[in-house]
Amino acid sequence: MLKEYHTIREVAGPLMMVEQVSEVKYGELVEIELQNGEKRRGRVLEATGDRALVQLFEGSSGLNLRNSKVRFLGRTLELGVSLDMLGRVFDGLGNPRDGGPRILAEERRDINGVPINPFARDYPSEFIQTGVSAIDGLNTLVRGQKLPIFSASGLPHAEIAAQIARQAQVLGKDEEFAVVFGAMGITFDEADFFTADFRRTGAIERAVMFINLANDPAIERIATPRMALTAAEYLAFDKGMHVLVILTDMTNYAEALREISAARKEVPGRRGYPGYLYTDLAQIYERAGRIKGCAGSITQFPILTMPEDDKTHPIPDLTGYITEGQIILSRDLHRKGIYPPIDVLPSLSRLKDKGIGEGKTRKDHADTMNQLYASYARGKEAQELAVILGDAALTDDDRLYLSFAEAFEREYLSQARDENRSIEETLDIGWKLLRTLPRSELKRIRDELLDTYYDPSNRAAEEAE
């Protein structure tokens, strides 16, 4: 029998102080019964001596201090896991929001998880094809990696997230692949877009969705990514599946963290965010990876919108330190009508070299990637020079690279929202563009690869042999 407390002493916004309590632990679930019999839930944020600070999930409106009862449930926030989760849509606390029944759980798991032992981690080394050339060809995603997308207000990160979710696959192996999608603080229209897109394309059959709306409580927003990652860990490490976790929008998550920190009257850090923002984000990002001897893996694609397009803002800044690179979306490319507007020059996948090459993608991948980067960068320099000095100041070589940069954006970066390019198609488009440059300019590609791929007839003869 759970002990009831009638000792609520103070309520401030979503926080409630309960006194004269005993054996209460941090993170413990709380049930509050109002005078009219309505029950609400909360979580212990702080337990000091005989006092407990409780964060309410549903808010404090209508709560009577004298006549309300508080019960501490002796357990933390948990998620019931089973393969029945696939194809379902849940809210940020793991309750069904698709009209279906509650799942029959094989077990219940603490959503805070357990850190992966660094010694047990396996190095990410297998290519994941997203069907997006700017990622697959130049910023390759590797199984077990955490690769965030840095976006900004008004850019199509939602469309990119949905496209990656329905297209991503591990090549060359007949292995089960699943997507866990966690959305935090999104609008009803965005939630409707994601669920409708997943159902329209059939991606919902291999997906688990957790959706927290903008008008849902901040504490639910804090729980959403942990719910998603708990489901991912079950599918990956218990059921041997390769799981892609997409989390959007981490900025909304950090804002909720700041809101709760301010309510607790904590000393703020940079731009009002709590000083433990780095630690908190790391607890989420570091739940990606592979474990030695385990067939499954978790690959993370966090998405965040940079306030005021500022890469030095605390959220993208700290995320960049924790993760293995970043994909940066460009407002200039978006204005040109290019989708996806991925700016490949500042973007980076630190593990791309481990997931490409012969037996993984193709033997010419690394060389062509380096050459495309170099040629596009030179074209962008020529573009800037033309803006400052005018076209008359450009040399013939400058004009050649300027033309290359324009073609690169138009043919390589740009693709349809439902276009799923294979890695072979992506590499072939790269060679088509490189053939517009003299062979003598392709200094980053080995001669044996140029002999095979620069002249299409030579490649056709080699494949025939």
Side-chain angles (χ1 to χ4, degrees), residues 79 81-88 106 109 113-114 116-117 120-132 135-136 139-149 160-182 198 201-210 225-248 284-303 323-325 327 349-357 359-361 420-423 426:
L79 174 68
V81 293
S82 110
L83 284 176
D84 293 338
M85 294 187 299
L86 291 169
R88 297 295 304 276
E106 289 184 12
R109 293 192 174 182
V114 177
I116 299 176
N117 185 334
R121 282 184 178 271
D122 205 358
Y123 201 86
S125 61
E126 293 173 274
F127 171 69
I128 291 180
Q129 180 175 286
T130 66
V132 178
I135 297 175
D136 293 347
N139 296 287
T140 311
L141 178 66
V142 180
R143 211 181 100 196
Q145 184 178 6
K146 40 195 181 291
L147 184 63
I149 293 180
I160 296 171
Q163 184 174 4
I164 291 171
R166 65 176 178 263
Q167 294 180 177
Q169 58 179 313
V170 178
L171 296 183
K173 296 183 179 181
D174 185 20
E175 295 175 317
E176 292 186 278
F177 194 89
V179 174
V180 175
F181 188 87
F198 274 55
T201 60
I204 191 70
E205 297 301 322
R206 60 167 186 168
V208 186
M209 301 182 72
F210 294 86
R226 292 174 169 83
M227 286 280 177
L229 287 163
T230 301
E233 287 167 349
Y234 167 77
L235 294 173
F237 304 135
D238 286 56
K239 299 303 178 182
M241 302 176 75
H242 301 304
V243 184
L244 177 64
V245 179
I246 298 176
L247 301 174
T248 180
I284 293 174
Y285 297 144
E286 291 298 341
R287 289 173 75 171
R290 298 178 60 195
I291 297 177
K292 293 174 183 175
C294 183
S297 64
I298 296 177
T299 306
Q300 264 192 44
F301 237 126
I303 298 172
T323 57
E324 291 118 8
I327 304 294
S349 171
R350 294 191 179 96
L351 298 179
K352 63 178 180 289
D353 293 334
K354 306 300 180 183
I356 63 177
K360 295 179 180 178
T361 53
N420 187 3
R421 290 181 184 167
S422 69
I423 187 60
T426 292

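The shown structure was predicted, so the numbers you read here are calculated from the model rather than taken from an experiment.
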Test side chain to side chain donor-acceptor pair (under 3.5 Å) applied to Ser297 and Gln145, Glu126, Arg290, His242, the passing residue: His242
Among Ile298, Ile164, Thr130, whose side-chain contact (heavy atoms from CB on, under 4.5 Å) with Leu244 holds? Ile164
Can you tell me which residue among Lys146, Lys354, Lys352 is in a salt bridge (Lys or Arg N to Asp or Glu O under 4.0 Å) with Glu324? Lys146
Hey, are the side chains of Leu141 and Thr299 touching, using non-hydrogen atoms and a 4.5 Å cut-off? yes
Are the side chain of Gln169 and the backbone N or O of Phe177 linked by a donor-acceptor pair below 3.5 Å? no
Side chain of Gln300, backbone of Ile284: donor and acceptor closer than 3.5 Å? yes
Do Val208 and Leu235 have side chains that approach each other closer than 4.5 Å (heavy atoms only, starting at C-beta)? yes
If you look at every heavy atom in Leu147 and Gly325, which pair is closest and at what distance? CD1-C, 3.8 Å
Report the residue from Arg109, Arg287, Arg226 that forms a salt bridge (Lys or Arg N to Asp or Glu O under 4.0 Å) with Glu233. Arg287
If we ignore hydrogens and angles and just use 3.5 Å, is the side chain of Arg350 paired with the main-chain N or O of Thr323 as donor and acceptor? yes
Would Arg166 and Thr201 count as a side chain to side chain donor-acceptor pair (under 3.5 Å) if you check the C-alpha gap in whole Å, the side-chain angles of each, and the deciding distance to 0.1 Å? CA-CA 7 Å; Arg166 65 176 178 263; Thr201 60; 5.1 Å; no
Using side-chain heavy atoms (C-beta onward) and a distance below 4.5 Å, is Leu86 in contact with Lys239? no
Kindly indicate whether the side chain of Thr140, heavy atoms from C-beta on, has any atom under 4.5 Å from the side chain of Asp353. no
